[in-house]
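Notes follow once the structure below has been shown.
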2 protein chains.
Amino acid sequence: MVETMKVNKGLAVKTLEDGFEVSFNHVLLLRHTVQQPMLFVGQGEETIDMYRGNFDIKDYVMERTPLKYARVEEKNNEYMVELAKSEGGQAVLLLTIKEEDSRLKVEYTQVDSAINRFWLRVAADQTEKVYGCGEQLSHFNMRGKNFPLWTSEPGVGRNKNTYVTWQADVKDKAGGDYYNTNFPQPTFVSTKKYYCHVETTAYADFDFRNPNFHELQIWEVPKYVLFETAETYIDLVEKITNLFGRQPELPEWVYNGVILGIQGGTEVVEEKVSRALDRGMKVAGVWCQDWQGKRITSFGKRLMWNWKWNENEYPELDKKIPEWKENGIRFLGYINPYVAIEGYLYKEAEEKGYLALNEQGDIYLVDFGEFYCGVVDFTNEEACVWYKGVIKENMIDFGIDGWMADFGEYLPTDVVLKNGVDALIMHNAWPTMWAKINYEAVSEAGKLGEVVYFMRAGYTGVQKYCTLLWGGDQSVDWTLDDGLASVIPAALSSGMIGCGLHHSDIGGYTSLHGNKRSKELLMRWSEMGAFTPMMRTHEGNRPDDCFQFDGDEESLEHLARMSNIFVTLAPYTKAIVKENAKRGIPVQRPLFMHYEKDEKAYDIQYQYLYGKDLLVAPVHQESQTEWEVYLPEDEWIHVWSGQEYKGGSVTVQAPIGYPPVFYRKNSEWKELFLALSNI
Amino acid sequence: MVETMKVNKGLAVKTLEDGFEVSFNHVLLLRHTVQQPMLFVGQGEETIDMYRGNFDIKDYVMERTPLKYARVEEKNNEYMVELAKSEGGQAVLLLTIKEEDSRLKVEYTQVDSAINRFWLRVAADQTEKVYGCGEQLSHFNMRGKNFPLWTSEPGVGRNKNTYVTWQADVKDKAGGDYYNTNFPQPTFVSTKKYYCHVETTAYADFDFRNPNFHELQIWEVPKYVLFETAETYIDLVEKITNLFGRQPELPEWVYNGVILGIQGGTEVVEEKVSRALDRGMKVAGVWCQDWQGKRITSFGKRLMWNWKWNENEYPELDKKIPEWKENGIRFLGYINPYVAIEGYLYKEAEEKGYLALNEQGDIYLVDFGEFYCGVVDFTNEEACVWYKGVIKENMIDFGIDGWMADFGEYLPTDVVLKNGVDALIMHNAWPTMWAKINYEAVSEAGKLGEVVYFMRAGYTGVQKYCTLLWGGDQSVDWTLDDGLASVIPAALSSGMIGCGLHHSDIGGYTSLHGNKRSKELLMRWSEMGAFTPMMRTHEGNRPDDCFQFDGDEESLEHLARMSNIFVTLAPYTKAIVKENAKRGIPVQRPLFMHYEKDEKAYDIQYQYLYGKDLLVAPVHQESQTEWEVYLPEDEWIHVWSGQEYKGGSVTVQAPIGYPPVFYRKNSEWKELFLALSNI
């Protein structure tokens with residue numbers, strides 16, 4: 001043990017009687033003693049079953065051994081640590097602890113190749129809170145729970161106590177739970193004002209249940225773990241996005257109004273848009289996911305998954321797109337990283353050898369719910385080039401200005417990939433690879449900043465490659481775990497780790513097991529959508545069971561008004577989107593990001609600051625005419641009534657059309673906010 | 001490593017290159033190598049929540065280390081094994097392997113006191129099957145699953161895919177799962193013809209999922225593990241009951257007919273019995289659980305839990321009991337090991353200090369569902385004497401000839417007991433202690449063989465102390481996991497480990513979440529009951545929602561006929577009950593017990609041999625008029641039609657009243673069986 005003691009800024013390693021402590025910029029991060037070791041290693045045998053993107057993952061941990069005995073050596077302010085199971089025993093793991101680019105970096109070298117389970121304890125305080133781990137839909141503050149990190153379907157219902165979840169589980173193994181997400185990431189932010197990032201794509205499970213440590217389980221020895229500290233949360237997200245990258249600004253046209261999710265062909269589009277415009281709706285575009293054809297399954301309306309204009313479904317679309325664009329209406333499409341066996345793309349990919357294989361050397365077919373697809377193998381550089389070509393030629397060149405870049409979570413763990421890496425390791429990497437394909441296709445076409453694609457799947461690195469997140473497939477209901485409300489913690493958690501642009505399907509998506517979208521839900525959702533950087537409606541998986549934006553005059557007028565609010569707000573929205581592009585400060589922010597001293601702010605997950613100057617508290621329950629809002633200490637003006645508030649819990653009138661929104665009295669945008677009340 | 005090699009009968013320890021193998025009577029039982037160690041030890045931190053007898057048990061395994069390195073020494077054919085984590089490292093566990101009383105005994109001595117988790121691997125074959133582990137309601141052959149062993153409520157529904165289970169879980173945390181049971185026991189029988197018993201009362205989880213080993217997890221270092229082998233399963237159960245003890249024979253009066261479960265007072269009893277007798281029903285007794293009073297809760301009709309004749313509820317019962325006995329009708333009551341706070345017994349126990357305490361030193365009150373009770377502390381010898389006195393004075397002396405000795409599973413893990421032992425260790429011990437109280441009360445009163453009490457809870461040793469098992473609280477439905485069918489594997493599994501007398505509530509008990517007992521279910525259940533050693537009806541928790549035996553003329557006549565079948569069969573039943581008392585051969589036996597060569601027989605869990613000469617295949621589905629039965633190769637006569645069968649799958653007519661029952665053509669009891677068809 002080296003006898004060193006550093007109290008300066010930067011890395012400090014302090015020797016203890018039978019161990020050591022590692023601090024960084026005065027924040028205690030690691031603590032190791034023989035009695036309380038910081039590292040455990042072992043061996044596990046997992047069993048993983050996938051059914052349509054829902055994973056049943058079990059682990060049989062054969063061995064979990066504490067590495068109690070550490071030998072530390074210092075050299076040029078780098079610490080080499082040898083960890084052994086027994087005193088004087090052989091080292092099974094080597095650590096290098098050093099400062100690099102103002103970050104604390106702990107590198108791991110595996111000596112014993114049998115290790116495939118790794119548990120690291122990060123020092124914690126009892127009162128500490130943690131955020132991030134990708135896009136978390138149920139819990140923004142993750143303390144008190146564990147979070148398996150594995151990209152998957154988020155589940156239908158996501159709460160074992162609800163009837164919808166139970167039905168989804170029994171019928172489709174699809175109920176999910178609080179931690180299931182399309183976008184996990186082994187990165188979290190602590191209220192000790194540091195972030196911690198584990199560099200791995202293996203299955204992980206971050207356990208925040210213990211009072212004195214966070215235990216990070218990873219199914220490999222990770223390459224390294226990074227920590228970085230900051231004085232404020234604003235600085236911290238800036239540093240996080242220095243590491244992971246930032247989204248570009250959104251195209252100008254996005255601010256022109258709502259993007260209407262429409263299916264059913266050219267004629268339907270024209271009818272619906274014309275009806276909307278007649279009511280004074282501001283329409284920025286139409287999003288037609290069935291531009292490449294559709295199919296009907298027991299789940300509902302599904303798409304053809306052969307990524308090319310379907311002339312039968314959308315006659316004359318080639319002529320209509322420029323015509324509509326002329327009139328200020330952009331056309332948005334849909335693509336995902338799989339190709340259906342019926343399509344020409346599948347045949348082409350099959351011939352060229354671009355599809356992932358099974359263990360028998362045949363093409364691996366994935367069941368997407370009554371139809372089968374090949375997986376384009378993104379570990380094959382030629383396949384990437386080819387798929388980017390599909391995006392460029394069939395979509396961008398065709399005039400499509402945006403799309404949903406769906407899926408990315410379904411990589412089976414027994415698929416055989418070109419790069420020879422175990423699919424267990426590639427599974428979590430897939431969403432970012434998929435994002436990168438989109439990013440490169442768009443930038444190679446010279447369209448960055450003009451085209452926008454939105455994704456639900458994500459993982460480390462998606463920050464740089466995904467132009468916009470969407471919250472995935474919520475149920476068309478009021479539940480906290482899977483309905484309207486769940487979108488808010490989703491935006492906040494992904495924002496904390498560098499994905500600062502978020503929006504959701506207005507009205508939600510999943511209508512199953514008796515859930516049908518009500519008019520009220522649709523209207524409340526569009527009220528929230530007006531205070532996100534993109535407004536976009538979705539018909540849902542069962543359009544006939546769901547109330548639609550043009551369901552009646554009232555709903556049309558309501559959306560028209562919301563689209564005008566969105567457009568009026570655009571200069572402010574653009575400014576905060578620009579802040580995100582420049583500094584990585586998310587557009588939707590937790591209250592504590594600007595009110596660090598407000599202890600209550602740290603547990604609020606169904607309200608957000610929209611930029612610095614607006615506070616939004618969406619009504620996420622049925623049949624409410626007023627709503628209780630928590631305001632941090634400041635001078636707040638209620639947008640609709642002009643009433644001034646100081647702080648604390650206040651109850652405001654919140655009838656349909658008037659979501660609880662407040663602006664800071666001293667905002668430079670005051671005039672703009674005042675204008676909202678006249679719409 | 002000692003170089004020994006034994007191929008003779010008895011203990012044989014064979015040295016391997018880097019380990020050893022232990023066989024007993026040529027059966028390979030333990031295999032240890034550095035690569036595949038047989039023992040793992042570690043530390044865990046459990047969290048245990050109990051809600052009305054349903055336990056939520058979680059374990060955080062901090063350490064699980066293989067004990068790879070063994071040093072073996074032989075001395076007088078006893079093997080001392082030192083097991084260490086590292087080569088040449090300090091021993092953390094000592095084993096003594098020896099033969100004792102024709103059994104293989106492996107004793108464990110804990111060197112490292114920090115160990116509180118223990119995993120032992122017993123060598124297994126891929127095709128091997130295992131049975132036992134107490135009373136298992138869902139799976140007789142346990143291979144392919146793990147079985148937590150912790151006495152608890154068995155659950156309502158017991159299958160996460162059923163609506164009843166989901167409702168029970170959501171409303172009462174009471175849904176349960178396939179392994180939940182009132183009577184677990186760390187003892188199993190293998191088709192390699194050995195039994196394995198672990199001497200412990202700690203929480204355990206026996207995992208039979210692995211192809212090459214059974215992994216037995218125990219939350220302590222157990223005192224010892226026993227193995228014994230036999231040539232036949234009959235010999236094996238005899239040896240098992242040599243170890244654990246055997247039930248005495250049942251009282252003669254039990255064979256006189258059905259015991260009617262009646263509540264509501266003296267008058268109701270007389271009316272119901274008289275109506276039954278009028279229809280020619282054979283009635284051996286009435287079982288009135290509300291003899292000590294009742295209360296109504298949201299669950300249904302519950303009892304007063306103050307174990308003394310309730311004169312308001314049962315006026316003149318003191319005079320009626322002898323009068324009824326004179327007429328051949330015995331009176332049965334009810335007791336359990338808790339005393340309700342409202343009763344005089346609670347006050348008495350409180351004064352004498354006989355109740356278990358909480359950590360603050362106050363009386364620990366257990367929530368039994370809208371009422372609270374004290375736990376009589378059976379680790380206090382004086383409390384035992386007192387409670388035996390209650391049984392003797394208030395029940396036996398009062399003329400009660402039998403009772404349900406209910407519960408025993410609810411010992412909270414944070415209760416403070418007189419003997420100072422952790423309640424985590426005493427929890428599983430409780431059912432046997434409760435059985436022993438009953439046993440000693442009866443034998444001290446000189447009434448063994450005249451009085452019968454029936455229990456649902458059990459654990460190691462209950463074999464000797466429990467005069468009769470009852471299958472617990474089934475739901476009043478046709479489900480495999482919690483309905484009529486579940487009683488059969490329950491009888492078979494408990495029979496395999498020495499509890500050879502089993503019966504169940506005719507009609508089932510639990511009517512919740514929309515479940516209501518149908519007439520058909522009641523009739524099918526009584527058909528099965530006629531082929532068990534005691535016939536007893538139950539009104540259920542919600543009598544008004546459940547069809548009762550006297551619900552109409554047809555059901556009265558049906559039960560009357562079944563009671564006559566039961567009485568006609570009595571000489572045979574008595575003979576097999578005697579076999580159980582003498583040799584421990586269970587009354588209800590799996591088919592393979594007499595047909596060892598029949599491979600199919602090993603997976604049949606919804607049929608049983610009733611003694612050697614009858615095969616019973618209860619109809620456990622609704623609306624059946626015929627039933628498929630598997631017959632092992634023999635000469636079988638269908639009781640009702642007289643038709644002869646050889647073996648294999650046969651389908652027989654099975655209308656209500658004619659359960660599929662077959663007798664062996666060459667049985668010495670042929671005349672008796674022939675008589676059944678005339679009833």
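All chains are named by letter (A, B, ...) in the order of the sequence lines, taking the proteins before the strands, and each is independently numbered beginning at 1. Scope of the values below: all heavy atoms of this structure, side chains included, with no hydrogens, waters or symmetry mates. Just so you know, these numbers come straight off a predicted model, no measurement behind them.
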If you count heavy-atom pairs within less than 4.5 Å of chain B, which of A:K85, A:E87, A:R64, A:K171 leads? A:R64
Heavy atoms of other groups near A:K129 NZ, more than 12 under 6.0 Å: yes
Please tell me if the side chains of A:E215 and B:Y60 come closer than 4.5 Å, counting only heavy atoms from C-beta onward. yes
Evaluate whether atom CD of B:Q90 has more than 12 neighbouring non-hydrogen atoms of other residues, nucleotides or ligands under 6.0 angstrom away. no
Pick whichever of B:S86, B:P66, B:G89 has the most heavy-atom pairs under 4.5 Å with chain A. B:P66
Measuring from atom CD of A:E63 to atom CD of B:E63, what distance do you get when rounded to the nearest 0.5 angstrom? 9.5 Å
Side chain from CB out, backbone as N, CA, C, O: work out which of these in A:N210 comes under 4.5 Å of a heavy atom of chain B, or both, or neither. side chain
Just by modelled atom types, is the B:Q167 backbone N or O under 3.5 Å from a matching donor or acceptor in the A:W166 side chain? no
Sort out for me which of B:M62, B:R209, B:K160 touches chain A most, counting heavy-atom pairs under 4.5 Å. B:M62
Flag the one option from B:V170, B:D169, B:D207 with the top tally of heavy-atom pairs under 4.5 Å to chain A. B:V170
From the list A:N161, A:V61, A:T65, the residue making the most non-hydrogen contacts under 4.5 Å with chain B is A:N161
Please state whether the side chain, the backbone, both or neither of A:R121 comes within less than 4.5 Å of a heavy atom of chain B. side chain
